[in-house]
Amino acid sequence: MLVIAVLLLVAVLGFAVARPFGLPEAVAAVPAAVLAVLFGLVGWRAAVGEVGELGPTVGFLAAVLLLSYLAEVHGVFAYIGDVAARRSLGRPQRLLGAVFAAAALVTAVLSLDATVVLLTPVVFAAARRIRARPEPHVYACTHLANSASLLLPVSNLTNLLAFAASGLGFAAFAGLMAAPWLAVVGVEYVVLRRFFAADLAVVSAVAPSAAPVRAPRYALVVLALTLAGFAFGQPLGVHPAFAAVAGAVALSVPLMRERALRPLSVLRAANPAFCAFVFGLGVVVLAVREHGLGRLVDALTPAHTSFLSLLAVAGLAALLANLLNNLPATLVLVPAVHQSPGLLLAVLIGVNVGPNLTYVGSLATLLWRQILHARDAAPSATQFLRLGALTVPAALVAAVAALWVGLRVAGM
């Protein structure tokens, strides 16, 4: 039974990585979930229960994806790119600092998908605009899309899955993860500055500047209010999904008045195919978990929140993220640590920082790679691995140390 479950999972992940003919991941995940039920690997009641548990999280994901798309239509990302290019004053090192600030904030507030899909092309264009080499800046986007997604529950689907099981409030989650988030961003910045020192030292004449992009004030205010809704609504019993939907509605109204929004584009932005992929993957991972992997993970997972225990859990999560991809790794690990918020947050450090080691660690990284291929700027696999080998271990240790201190201060 375990062999069949593992084969189904490998088939789903292999399809998601390769995406033959550009087909969505759900094309493999949904049939695999059906086969898991038909083969008796998962009871149909358990499968329905898994889908039901994932429902609110996946709905929230769709709302955040839509919010990011509408922000792009309003010109938020074009404005960010213009500000970064202008403040760089033609100096690649200054542009890298601006990109770090933008990518860290966009990832935290609008999720890693927004950073990969919407910010990366803007950053690539900004680097070309000041005639800088784009590699340091686009690598910053993919690294921060993963590692800077530690801060808020809304920053990453892995966070949403763990947040639902953690018992923590929105503010408590953010408070405990703020120090690890800062630690990881700091490590990434130091390493990328040194790793790309030669590229950042190349300064060319700045291209003639166009007129400044006007700040999309309405959209920025709506996004700020939506973020406030995430933070203050949850203690009052309001699910963050309602704040995301409210923000999306507020952003869509002026666009609909101007007829700048098409229903099909809205549906595509919510990415129902990816949502179906998450549901299917959840059922397949449940099959693997129930037929042996769950017991193995339970045996390997420590029960305490000492520094070494937190580091062990984060390391295990990073390893599984690079073997299985970070989403199934989260689905496997959360049931083993859900009784301990500290261990759960250590899992998130592992599954969010760990994917910077290999291409397959995160679907977002694979998507980033496709975006650069489309611009004839394909990243080097060797360079990606070398940079990951320098950043991931250091970032894991720094983030876990910050989390351990935060847990001690909070008395957890």
[Y] and [X] side chains, donor-acceptor separation under 3.5 Å:
| X | Y | result |
| --- | --- | --- |
| N352 | N146 | no |
| T158 | N326 | no |
| R408 | T305 | yes |

Please step through side-chain contact (heavy atoms from CB on, under 4.5 Å) for the pair L220 and Y79, ending with a clear verdict. CA-CA 10 Å; L220 293 174; Y79 172 69; 4.3 Å; yes
With distance as the sole test, does [X] use its side chain to make a donor-acceptor pair with the main-chain N or O of [Y] at under 3.5 Å?
| X | Y | value |
| --- | --- | --- |
| T142 | V116 | no |
| T226 | V222 | yes |
| R289 | L331 | yes |
| S155 | L152 | yes |
| H338 | S166 | no |
| N325 | P328 | no |

Residues L105, L110; criterion side-chain contact (heavy atoms from CB on, under 4.5 Å); working and verdict: CA-CA 8 Å; L105 291 175; L110 290 175; over 6 Å; no
Side-chain contact test, heavy atoms from C-beta onward, threshold under 4.5 Å: evaluate it for [X] versus [Y] and give yes or no.
| X | Y | answer |
| --- | --- | --- |
| Y69 | L261 | yes |
| L119 | T107 | no |
| V360 | T365 | no |
| S68 | L118 | yes |
| F163 | V154 | no |
| R129 | R86 | yes |
| V184 | E188 | yes |
| P379 | R369 | yes |

From [atom1] ([X]) to [atom2] ([Y]), nearest 0.5 Å:
| X | Y | atom1 | atom2 | value |
| --- | --- | --- | --- | --- |
| L403 | M177 | CG | CE | 6.5 Å |
| L286 | E50 | CG | CD | 5.0 Å |
| L35 | L41 | CG | CG | 9.0 Å |
| L319 | L300 | CG | CG | 10.0 Å |
| L168 | L345 | CG | CG | 6.0 Å |
| I371 | F124 | CD1 | CZ | 11.5 Å |

Can you classify the ring geometry of Y139 versus F196 as parallel (below 30°), tilted (30 to 60°) or perpendicular (above 60°)?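 Rings of Y139 and F196: tilted, 30 to 60°.
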Check the angle between the aromatic planes of F230 and F60 and answer parallel, tilted or perpendicular using the 30° and 60° thresholds. perpendicular
Minimum-distance pair of heavy atoms, taken over all atoms of [X] and [Y]:
| X | Y | answer |
| --- | --- | --- |
| N322 | G361 | OD1-CA, 4.1 Å |
| R94 | S88 | CD-O, 3.3 Å |
| L348 | L150 | O-CD2, 3.6 Å |
| F77 | A71 | CE1-CB, 4.2 Å |
| V288 | A5 | CG2-O, 3.4 Å |
| L8 | A32 | CD1-O, 3.8 Å |

Verify side-chain contact (heavy atoms from CB on, under 4.5 Å) between F274 and L61, making sure each step is shown before the conclusion. CA-CA 10 Å; F274 186 74; L61 169 68; 3.8 Å; yes
Could you work out, with ring-ring contact (aromatic ring centres under 6.0 Å, His included) as the rule, every residue matching F195, not counting sequence neighbours? none
Side chain to side chain donor-acceptor pair (under 3.5 Å) with N156: which of S362, S149, S111? S149
Kindly check if the number of other-residue, nucleotide or ligand heavy atoms within 6.0 Å of OH (Y189) is above 12?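 Yes, OH of Y189 has more than 12 neighbouring heavy atoms, counting only those of other groups under 6.0 Å.
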Please check if atom OH in Y218 has more than 12 non-hydrogen atoms from other residues, nucleotides or ligands closer than 6.0 Å. yes
Could you check whether F170 and F173 have their ring centres less than 6.0 Å apart?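 No, too far apart.
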Dump the intermediate steps for side chain to side chain donor-acceptor pair (under 3.5 Å) on N356 and T391, then the final yes or no. CA-CA 8 Å; N356 283 334; T391 58; 5.2 Å; no
List the steps, then state whether side-chain contact (heavy atoms from CB on, under 4.5 Å) holds for L192 with F100. CA-CA 10 Å; L192 262 73; F100 257 78; 4.1 Å; yes
